[in-house]
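Quick notes on the structure that follows.
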Amino acid sequence: MRRTLIITLILFTLYISAGLETMIGGRKSITDAFYVTTVGLDKAKDKIKLTIVTQSLGPEEETEYTKKQDKYFVTEGKTIFEANRFFTTFMDNKIFWGHVDYILISESLVKNGLDTYLDFFMRDHETRLIAELFIVKEYSAEESIKLVIDSGEDITNTLHVLKEDVGKLSVSGCVPVYEAFSTITDENCGSNVPLLQIIEDEKEETDSTDAKEASVAEDNPKSKRLVLDGYALLDPESSELVGFLTGNDARGFNFAINKIKSGVIVVEDPEGEDVTLEIIKSKTKIIPKFNGDKLEVTFKTKLSTNIAEIDGSTNLFTDENIELLIKQQNEMVKKEVKNAIDFALKHNIDIFPISKVVERKFPVKWDKIKDDWRKIFTEITFNVEVDSQIDRTYSIKEPVLSREDG
Amino acid sequence: MEKGKGKISIRQVMFLFVVTVYTPSVRFVAGYSAGKAKQAAWLTPLVTLIPFLVLIYVLNALLQKYKGLSFMDIIYDVTSRFWGKIILLLYLVWLTVLLALYVRFYAERLVTSIYPNVNMNLFTISMLLIVAIIIRAGIVAIARMNEIIFLIELFVILSLFLLMIPTIKTDYLTPISSMDIVPVMKGSIGNTGLIYITYLFFFSDRFSRTKEFIRYSLYAGIFLWLVSTIIIITSVGTLGHSIVGRSPLSFLIAVKNISLLGVLSGFESILVASWILTDFILIIVFTYSIMNITKSLLNLRDFKPFINIFFVILYLLTWILGVNVFELQAFSADFAIQMNLLMQVIVPILIFFIAKIRKKV
Amino acid sequence: MITLSKVGDEMKKIRTDIINLNKKVDLPMEVESFKGLFANSHDCVFTEVMINKELTVHLVFVDGLANCTNVMDFILKPLTTLEKFTNIKDEKKLIDVIKGGSLYYISVKETNDVNLAVELLLMGTAVLILKEAKIAFLFETRGFESRSIQVPTEETSLKGSKDAFVETLRTNTAMLRRKMRTPDLVIEELIVGKVSKTKVSVSYIDGIANDQLVKSLRERLKKIETDQVLFTTVIEEEIIDSQYTPFPQVEYTEKPDKFCSALLEGRIGIIIDGIPFTMIIPTSIVNFFQTTDDYSHNYIVVSIIRGIRYLLAAVALIVPAFYVAITSFHLEMIPEGLALSVISTEKGVPFPIFIECILLSIAFQTLIEAGARIWSSIGGMVSLVGALIVGEAAITANFISPGVVVVVAAAAIANYTIPNKDFAFAIWIWEIILILLSSVIGLYGMVIGIILLIHHWAQMEVMGEPYLAPFAATDGRNSKDAIIRSLFVFKKKESLDEQSKINE
């Protein structure tokens with residue numbers, strides 16, 4: 001009984017002391033929390049500009065709290081942590097970092113290297129390492145956030161949709177913080193970060209097929225859109241921004257690093273009409289080979305596509321026509337991969353990274369050459385081999401436009 | 001059941017062993033071995049099995065010879081009363097320091113992971129109080145609690161492992177080549193330093209069904225090998241050895257990455273909460289060992305009056321050990337591991353050999 | 001002749017002596033002694049039977065306990081009408097004739113001990129007092145009103161037997177005998193209670209039950225010093241080891257089939273006369289999660305359901321505390337969408353979440369208590385008012401946020417699925433403790449609470465058997481019927497093996 005009494009006494013004391021907020025400062029009531037879901041990092045002279053946004057609820061929940069959602073908050077500080085603390089000077093809510101989903105970093109900031117800014121997100125106990133990184137081209141992160149919010153959308157949702165659909169074209173990818181950190185700390189391989197671009201829709205450029213967008217464009221003649229397209233590539237050692245791969249070059253890079261989910265390849269039939277192929281499956285093997293001291297690397301891509309659209313009237317389902325399509329397709333993929341390789345060679349960064357493949361295949365040899373890797377990399381002979389096939393088409397077999405001959 | 005009153009079976013001892021080893025290894029093993037053995041870190045627990053088997057053989061020989069005696073009595077008998085007391089004094093000092101280290105680490109772990117703004121004293125004092133209360137219930141109750149805590153812990157770690165499987169990249173775990181042999185050997189020292197089975201022998205007079213010792217310790221060894229391999233594979237496999245080697249709580253960071261169906265996350269709080277349970281077992285088991293050594297050294301009949309004083313000393317010691325967590329980590333990696341290796345692997349083996357020479361075994 | 005009231009005064013003193021010291025009274029075996037003892041009790045019938053002009057005997061019995069028809073037909077009638085008796089001149093002859101079996105009654109006892117006579121009188125025996133010989137004949141004429149065997153009210157079962165224990169001990173033991181026709185079924189009887197003198201029966205199966213256990217239980221029962229055994233706790237609190245716990249340590253059942261299967265597991269049953277609930281000991285935590293229905297359904301289904309029961313018990317215990325912890329300390333654990341909706345509903349509620357949880361949890365318990373205590377004629381009101389207040393009004397009035405209602409209601413419903421209600425109440429108490437702890441310091445507090453709870457269970461033993469068995473302390477024995485109900489074939493094999501091991 002005495003023991004029970006003692007325990008009760010201790011519990012009671014503990015409980016009373018719970019009222020003393022000074023002793024237990026860990027409590028943060030959920031009602032006071034400001035859930036940061038998207039963060040923007042910008043350069044402001046020699047300081048860092050920090051933009052935070054929270055996710056808004058659906059339109060049906062119009063409460064006092066949700067009305068405030070559209071706002072975003074901006075501070076500046078010498079470091080991210082300092083800037084973060086400056087929020088407390090004017091915000092009535094406690095900022096909570098545990099649900100950061102997306103981190104937008106402006107191009108200008110990355111020019112001096114990304115590693116310094118990642119440290120906060122790695123070290124802080126609240127942030128999640130699965131938050132995804134984006135680099136914003138030309139514009140600042142704040143501008144891109146403002147752009148989306150001003151158009152009445154929710155930035156986190158927008159980014160979420162962009163990320164979900166990235167595989168449809170496979171021109172970009174997803175890089176969570178921990179993955180970026182892991183490649184940045186590796187001195188031999190360059191890092192890639194998905195690129196967000198802001199595209200201005202010119203009024204006259206809009207097609208008549210895009211009726212809905214056209215009407216939007218009429219309202220604001222220069223409507224801007226946030227687009228997830230391409231990669232920003234960083235230097236292996238300093239993690240400074242080296243250049244961008246966009247559009248089909250970025251897809252070539254995705255082919256090389258085996259990150260293709262789907263995509264569209266447009267080829268021509270014998271009469272010059274467009275045939276659209278949908279990428280179903282793609283697998284690339286990077287095969288390194290030593291010829292004496294010289295390294296030879298082969299990208300072997302296996303690709304299968306489906307015919308998704310036929311604009312001409314030729315019957316394509318003959319051996320030679322299919323062969324023709326495959327040939328064009330091979331060439332296109334080969335060209336794209338080669339573009340990515342050219343980019344890597346031009347800037348002398350191992351973006352694929354081939355160093356990992358070599359290390360895995362020739363661990364002993366790697367040990368000797370790893371210090372000179374950047375020099376060796378420029379001397380590699382690259383081969384690209386594409387082996388593709390067209391599997392099938394969908395509901396109808398022959399082109400819609402084909403006339404029956406007899 | 002009536003026969004074994006006040007005693008714990010070897011199976012329960014092994015549960016205690018597993019939990020006490022699991023507690024520090026989840027904090028320490030992945031980081032240490034990834035630092036030394038890089039991508040081959042997951043092989044280190046395999047190497048550790050060898051010293052473990054040797055230790056098991058030695059301890060079993062001693063246990064079977066000296067039935068119903070504690071390790072203290074064994075040491076007295078093998079060496080002599082005088083030398084035995086000196087050895088035990090060493091053990092006492094070292095275990096107390098180690099325990100203080102763990103109490104401190106336990107609080108630091110909470111403060112660095114989920115309670116950044118909370119005064120560490122709250123965690124230290126409340127844990128020491130609870131241990132001080134519960135230890136009076138005796139080893140039987142502790143062993144029973146441990147069985148339940150083991151089940152909870154097993155459930156937590158297995159479900160986390162299942163959730164983490166999709167994030168594991170084999171790229172981070174390969175290649176393995178002959179060049180990795182030396183680093184793996186070095187990395188395995190970390191694991192070997194954590195085989196806390198010798199410390200459990202300070203209450204070996206409470207063991208029953210000792211004949212099953214070899215069988216159950218093999219089970220425990222294999223289980224621990226699996227668990228530490230799982231811990232290393234999940235930490236290194238999700239994050240890569242460069243992050244794991246740098247992080248003091250790499251498994252926690254790996255768990256931070258779990259996102260179930262893109263909706264549920266924040267599992268690290270559950271992990272940390274489950275660590276409190278195992279930390280509690282580690283602290284209470286070490287305290288019990290220390291109390292038994294003290295009892296034997298001072299020829300006391302009961303250690304209960306001594307408990308309160310001990311906890312005050314322990315509390316002060318946790319603060320003396322290191323000013324900040326960096327000193328603590330350095331102490332742990334540079335000194336504690338080697339000292340542990342000496343105290344719990346080499347000393348028992350030496351005692352075994354002395355006993356062999358004196359023809360006592 | 002002494003007046004009754006005077007006798008009463010003297011006897012009152014003696015009566016007190018009997019109660020206080022359980023002393024034997026030293027009274028001569030004559031009708032006056034009885035008249036004194038039962039002076040003011042009108043249900044005690046004293047009849048003077050004139051066998052013939054010379055010979056008069058006294059018959060004493062308690063109306064309602066003794067069967068009047070039996071008394072008349074088999075005692076009064078033969079004594080006054082049979083020639084054998086009417087011809088007798090002196091008592092000595094009468095004794096011989098009665099002993100010779102002329103009063104044809106099954107159970108006849110001869111005594112000169114007033115104590116014994118009084119004791120049996122109060123059990124329904126008719127006492128025939130012979131004045132000069134100062135001896136009495138005791139006739140077993142017991143026959144009082146009792147409830148017939150009915151369907152169990154608290155433990156319903158779908159496929160199991162539908163009979164339930166009643167208040168009468170003998171009926172209950174007969175039910176046991178009917179189910180288990182073996183001489184190994186031992187039904188011992190003791191009298192407990194200085195005033196009430198209640199019969200308490202201890203049943204076990206010889207050869208299966210642990211002898212040590214039976215012995216120690218017998219000793220504990222004998223040691224009980226109490227006035228009455230009208231309630232089960234009188235016995236329960238005397239035979240358990242750990243008194244300071246809300247958790248039940250004795251299993252109650254009103255179903256003979258459950259009782260018998262417990263006996264077959266080597267446990268011991270206690271039946272108290274006058275209480276239709278029987279006790280089974282020793283118990284461990286698993287017993288409170290098993291129902292008799294478990295053994296009349298498919299084993300796979302039952303195993304899953306049983307697993308869910310444990311899960312739900314954990315839900316009832318932990319979920320409110322967990323909710324408090326994650327909403328006040330570990331915000332990262334709530335999914336974003338949920339967090340935002342929690343925020344929007346929580347705005348405007350004046351109380352912190354943990355206070356809401358505790359208030360609501362107590363409110364649910366209030367409903368249960370009200371439902372149990374309210375007169376059945378207005379019983380419907382409880383659910384109506386409860387549903388109104390808890391469900392709708394409290395939320396619209398911003399007293400409580402909907403999130404808390406969902407969490408606490410889920411815990412409450414989960415709590416009701418625990419088959420043993422005593423256990424469910426104890427879990428509820430710990431639920432509140434955990435909420436309090438986690439309101440202090442989040443998950444840490446909750447885990448500290450769990451450590452204390454596990455410690456509480458770990459140090460509990462019922463008659464020397466660990467409370468946590470078979471999850472702990474048994475080296476994995478008997479675990480086949482803990483969470484998973486394995487096939488009967490395997491279970492039987494194991495239990496016999498293990499039993500022999502224990503008895504070694």
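How far CD1 of C:Ile285 is from CD1 of B:Ile148: 7.5 Å, rounded to the nearest 0.5 Å. With rounding to the nearest 0.5 Å, the separation of CD1 in C:Ile450 from CD1 in B:Ile276 is 9.5 Å.
Contact annotation for B:Ile134: both backbone and side-chain heavy atoms come within less than 4.5 Å of a heavy atom of chain C. When heavy atoms are compared at a cutoff of 4.5 Å, C:Met460 approaches chain B solely by way of its backbone atoms N, CA, C and O. For B:Ala273, the parts sitting under 4.5 Å from any heavy atom of chain C are the backbone and the side chain alike. Contacts between B:Ile10 and chain C at a heavy-atom distance below 4.5 Å are absent for every atom of the residue. In this structure, the portion of B:Ile152 lying under 4.5 Å from any heavy atom of chain C is its side chain and not its backbone. Residue contact with chain C, scored on non-hydrogen atoms closer than 4.5 Å, involves the backbone and the side chain of B:Phe123 alike.
Smallest separation of non-hydrogen atoms from B:Arg144 and C:Ala458: NH1-O, 3.1 Å. In plain terms, the two heavy atoms of B:Leu277 and C:Ile451 that are nearest each other are CD2-CG1, 3.5 Å. The nearest pair of heavy atoms linking C:Ile448 to B:Ile130 is CG2-CD1, 3.0 Å.
With sequence neighbours left out, B:Asn60 forms a side-chain hydrogen bond (donor to acceptor under 3.5 Å, both in side chains) with B:Gln64.
Contacts with chain C were tallied for B:Asn146, B:Leu110, B:Ile270, B:Ile281; B:Ile270 has the most, counting heavy-atom pairs under 4.5 Å.
The aromatic rings of C:Tyr444 and B:Tyr106 are tilted relative to each other, their planes meeting at an angle between 30° and 60°.
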Practice task
For B:Met145 and C:Leu468, run side chain to side chain contact (heavy atoms under 4.5 Å, CB included): C-alpha distance rounded to whole Å, both residues' side-chain angles, the deciding distance at 0.1 Å, then the answer.
Solution key: CA-CA 9 Å; B:Met145 288 177 75; C:Leu468 277 177; over 6 Å; no
